[in-house]
Amino acid sequence: MECVPLFLSQTHSQHFIYARKHESNESSSLPPDRTLFLANLPVDCTKHQLARFFKSSGPVENIVFETEHTSEDNSEGSSKNQGESLAPPICPLSPLPPSLHHTAHTAHIIFLDSSAIPLALALSTSAKRKHWPPDSDSEEPMGLRYYLAQYDALHPPLEIAKRHADTYMEHFEFIRSFTKPKSKYNKGEAIVDAEGFTLVTRGGAYGNTLGGGVAVASKKFQLDAATGKSQEPERRKKKKKEKPDFYTFQIREQKRKDFMHLRRNFEEDKIRIAKLKESRRFKPY
Amino acid sequence: MAGKRKTLASESQRPSKRPHLVEDDAEQNISDDGQVPTYNPDNEEADSGEDSESDAIVEDDGNATQARAPAEPLRPSDAHSVWKAPTTEELHQLKEATELFKSSAFKLKIDALVPQIKPRQTSAQLLEPLLHALHQHIGSISPLSPQHPLQAARKLRKINGVQVLYTTPQPRDDTNWKVSFEKPSNIQIVGSWAHQMSVIGRDGVGFSVDLNVEMPSSLFQEKDYLDSRFFHKRSYYLAVIASSLVSSELDLDVQYDLPEQNPRRSSLVVRPKKDGKYDLQKLNASVRIILALPLDSPIAVSRLSPSHANIRVPNSSTLPPKPTPFYNNDILRCMTPTAHLLLMYSAAKEITHFKEATALLRVWANQRGYGKGNKTVFGFEALGSWWGFVLAYLVWGDDERSLKNVGTKKRKGRKPIGKGLSSYQMFRATMDFLASHDFVEDTVQVRTISGPKPPHFDFAGTSIPVFVSPSTVFNFLSGVPVSSLELLRQDAHLTLKALDSPSSTDTFELMFMRDLRDMQLRFDTIIRLDISRAVLPEPVVDHGSRNAAIVSQLDKILKQALGSRAKIVALVQTPSKPFLSTESQPPEPTVIEVGIILDPDNAPRLVDHGPPAEDPEACERFRDFWGEKSELRRFNDGRIVESVVWELAGKSTGERLQIPGRIVRYIVGRHLQIPSEDVTVFNTQYDGVLSIPPDIANRYSTVAPATAPEAVQRLVVSAYDELVKDIKAMENIPLGLVTSSPVSDALRYTAVFPTLPLDMDAYSLLPDHAKYVPATEIVLQFERSSQWPDDLAAIQKVKMALLEAIAQLLNTSGSKASVALDRNSDPIEDHVSLEIILPSGFAFRARIYHDREQTLLERLIADRNTPEYKRKHFQTALHHHLKRFVHAPRHHAALHALHHRYPSYSHTTRLVKRWLNAHWLASHISPEAMELLCAHVYLDAGVREPPSTGVSGFSRVVTLLAEWDWRESPLVVPVYTSASMVDRTHRVVFPPDILNQAQERFTKHRAVDPRLSRGAWSIVTEEDLSGHIWSDSVDSIIAGRAKDLAKATFDYLRKSMDDGELDIKTMLLHPTNDYDFLIHLDPSVAPRYIENLHADPSLWKSATKYANVRMDATSVYGTVPRVQFDPVRLLFEDIRRIYGDNLVLFYDPMGGVTMGGVWNPLLRNPRPFRVLLGFSSMPVDSGGKDNKSSTQKPNVVLNESAVLAEIQRLGKGLIKNVVVQGVRASVLCGRSEWYEAC
């Protein structure tokens, strides 16, 4: 891991970026030979700034921040819907200014050419002062201007908000209709398989079964079972019919238990008080 | 070991002492069990240690008890012996603990307390030689022949400077009686020390051993009771003893002590000098030499009845002299010591737990200022022996003659209590008696059990409190102001209440362990009177001192002047210390503190009504009392009455609560001629810190700056009602509004500043640092409909569409409404809101509550197919949803109710919030948590009444924060029970069944997270048993910091009370030297700057030079109001989010322009580099020793300067500069905890 010191403009302090050649593993889609892994980037760094910074090493093809990585992974799951491409497009809300990264975040920088990697790594030893931000008149708003821009972006004009909501719902409806599982069973028909057995299915929310007339349990029951909630009313029925104080031995047992309970409490109290005593809690003043 | 043997010995005698009832019951139990109680010596021994309770009394052996108790229960064999057969002894013990005491824990605690307050046997023996020497010395003082009093005094002074303290009327040159000294007829130890009932005093008073010296009767004549002659002779006698002790070789400090500055009660306090012959350092005790009259003295008791006038002032010979009850009683006092000794002896012998109960009672009293120490309730300075007699009275009952003598009223005596009661039961019975008894109306004369009956005095018509001791006719309560006894009654009443309610706080601690004398916590209004310039209407004759005469006058006039405004008016004074007998008497203390507990309903009254005009006599009295303030007025209902009107500039409750202070100031000026500047009233309502400066408020809003805050608060409430009505009336929206719930503190009267409506036209003229538009949050709930999608993200979009439709309609009616998205929001969580600025200038933020979201989230969480990381995500979403839409409205409703129940609650909360803000804690503590803290002092006031002014409420919250042991116990706040209670007089009790659950959850939580990374405060309500909904963000650092700041604030409050001046702004000034670095912001762009306590008014004054110049050109924020836009807050949140646990940042959200940060100290330790360290690092040399450093990864530490530079970039335009401070390690509290936590 090479360490690149950055001289922060207007101050005497340095920030350190750590760079390393990307070590590929199978899951990653990045080209191993021309990708550089960077760690401990400044929180406000943008792709543009990074590209500019490494321009001296070679032209940059793409930059991937770690946060984007994970979000890509997430979206993969949903992108399997074939209907996505056909769905009506969502009218976007006003674009937000780029969000700030967590401190010491990482990125992969992909150069056009693999020859740039050694050049970039050599930056760590070069005597030349490297300033950050690389261009002093950054076009990205910072500080107060950033917050003003963000506030205005978070307050879209009413028409845009309306259009966004409407198109989103159209999109949503479309996707839903597209992905709705088409049941091969019709309501009210019993499902009989090839060997002549009737298939038993789970019941619906309102007691209708999806398949035939044979059902075992409602979804609610399933849910309750999963969450561990119990059916209160049923349990109440099983009330004890035995009388607790009918036989003498019961009364005696009860008394004994009560006494032992008393004794145990007393002992516990005593231990507690002894502890308190040790911590000198009984000196009133 | 000796102690143990003793115990066994007492053990064998035990059963015979037991009340029979209990024993029978126990035996029954055993036979039921079918088991024979076997005497098992092994068990017996184990039990013996536990029976410490009665040993402590019988043997008074503190050492032995202490050493034994902790060792016993830890015996391993005991652990599984829970099922072993019980012995009779054990049965007794357990029965007693649970039935005769409040609980077994209570009994054990009492057992632990008693040895702490009594003298140790071993150290008590140290005193013996001194007492012997004193006895010897005093007995051998050579007699002095009769002399003229003044001559004798001069002679004595010449010997070694000892003063003779003659009382008024002073002896004159023409007096024809003589003073002399003869050998005392008896010297003995009396008082509590004589029968091991001493209780250690507060504030270093220690134990006091009373040595009674009986003057020989030959010194006195029959007429000595007249004109203080007896007291002159007594003073001389005392001075002779003092003089002889001073010149003796005993190495003693001989001091005079005048309880209540009364020279008639003078005594000598003798303390051995340090490193002298008799060193008593270990014991902290002093010997008090008191003088007594022998029983056969020539002074007739019958001459000393309260109606006799025994002082004849020469110049008032035309009038019959006035009775001198106090003077007479002081003579009687000198006849009591021996008699009281005998009485206490027989009481202790007769009543089983007398000594222990008395000790408890005295500790209780000492903790409340009814005893020697600082801030003594007036009259209780030297009343220690009274407590024993109260107990004795409860057992012995009333004197028959006092019962007959009450004329028309049929007075029934109290039913005596049993002799065999446990100490706790006796204590409770005493509380019951004190809480209900009026010693003025219902005079007490204790029945004489044995011996000759003393003459009977009739106290009817004296209107002084009376408690006459048996055998003598001495009145203990003579000279005790009625107000002090009222305070005592109140304290006893509250104690009973606390004993009866199953409170969460430790009752035992409330009873005996806490110092409850603090004026600020005890009273609502405190007034310091400097009485040095007071003028009494008549010379001091009957009272022992000027001080006492003034107090008695104050007692009368204050009560009459305040009337129903005050529940209690108490007079408190720190008694003067004993002074060396060779020095002249120091001046009397000049400060009397008046503490007033207000009646919240009557205190703010503007007019005091007097008698109607038809009653000229009463009118005359009324006018005489009030002077020129009184005027005859005709009222709306046609009455014409004398009345007193208190005009006010404003009408706010805060100002109205100043009235009692004004009344006191006026009335002491009128009746005692105390000049106004000698009266300091501590009840300024601190209103100045609860509003923005009026000159800028005037430009911000059209509401007149003088409007009372209550009225402004109501404006926003009515604006809210209007808004809801408008939305309900809308027809063109897809779903109709069903309900709306307010969730904002502005709508429950707990916002620090009352929300001011924005003057829309003037907005563009405001400077940038005044452009903050606060929004009032509300929650809307619409009709149910099947149209709602079953998808969380889609629901948010539907919300957006719905809000957009409302916004369109609102905009047509002149409001400014827009749809707003939350920052950094999750698409499946609620993140769309509606911002509305009404034409009136109030801004609101409305959110939509859709209850299906909860179901959907719960289903997703319960689904087994949800991957773990997503389940966490859903759980957070559900948590946020419930907090925002379920808990917040509920909390609002409950606290809104609390505001109506306790009118001062709102003021308290506003002050507390301001304080927490000013000390930079509010950014970590949610306002709801603060409100619950404040609610606690109202709902669980312990042994106090709930506060009735905001200022006293504030002091109590500060104390609560300083005292609350948040590591060990949750704070229980029954707000919901309170909201549903109709009856206001009853104490609110947290439902006990769920309290246990809450306790369990607390214990569990502490076990899971012992380092308190979050939820350090557990504030339990009925709806939140975990106690973390509102205090989740509080970690141990914040909680510790809050505790320390509370302590500092409280010390400041207390100190300022003593100094007589209090500057609230100083109290709210935050010390910044504890922070590692400070971020200074630019005040001119901080939109909330005008809320800053120490805001510089020149910033907005300079802008007013040209009032009509628009500020668009220079303004950053422009002319359009941005609702709730506070870039400072955004920056703060971003820094917190970005740097996580690298640093902790603090600032004052209310206009603060400085942020303080502390680095995580652990990140300063070098560690090997890894990619995901989570902080901005820089390489450090690993010390040079390591030669292979090139191959090894470099060590890194936190790159502080780079982070600060980064922060500076993040806050471009907001931050002026960042200052790094050198901080001494671990100055900031909680730092050491941080070490642990990481």
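This structure is a prediction, so every number in the text was calculated from the model and none was measured. Protein chains get the first letters and strands the later ones, always in sequence-line order, with residue 1 at the start of each.
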What verdict does the side-chain contact (heavy atoms from CB on, under 4.5 Å) test give for A/H101 and B/I1138, after you've listed the backbone C-alpha separation in whole Å, the side-chain angles of each residue and the deciding distance to 0.1 Å?
CA-CA 7 Å; A/H101 301 280; B/I1138 289 170; over 6 Å; no
Just so I understand: if I count every heavy-atom pair under 4.5 Å between each of [options] and chain B, which residue has the most?
| options | result |
| --- | --- |
| A/P157, A/A104, A/G143 | A/G143 |
| A/L93, A/N265, A/L100 | A/L100 |
| A/L41, A/L262, A/L148 | A/L148 |

Is any side-chain heavy atom of B/R823 less than 4.5 Å from a side-chain heavy atom of A/L154?
yes
Check whether any side-chain heavy atom of B/R1122 sits under 4.5 Å from a side-chain heavy atom of A/D152, and report yes or no.
yes
I need the residue from [options] with the largest number of non-hydrogen atom pairs under 4.5 Å to chain A.
| options | result |
| --- | --- |
| B/E835, B/E1200, B/R1137, B/Q808 | B/E835 |
| B/L1210, B/I1215, B/L113 | B/L1210 |
| B/S1177, B/G1213, B/G1174 | B/S1177 |
| B/V798, B/I117, B/I200 | B/I200 |

Qualifying residue, where the test is side-chain contact (heavy atoms from CB on, under 4.5 Å) with A/Y151 and the options are B/L1130, B/V1123, B/D1126:
B/V1123
Residues B/D791 and A/R176 bridged, charged N to O under 4.0 Å:
no
Which region of B/A793, side chain (C-beta onward) or backbone (N, CA, C, O), has a non-hydrogen atom less than 4.5 Å from a non-hydrogen atom of chain A, or is it both or neither?
both
Which pair of non-hydrogen atoms, one from [X] and one from [Y], has the smallest distance, and what is that distance?
| X | Y | result |
| --- | --- | --- |
| B/A794 | A/Y168 | CA-CE2, 3.8 Å |
| A/L158 | B/S818 | CD2-CA, 4.2 Å |
| A/M169 | B/P789 | CE-CG, 3.9 Å |

What part of A/E253 lies closer than 4.5 angstrom to a heavy atom of chain B: side chain, backbone, both or neither?
neither
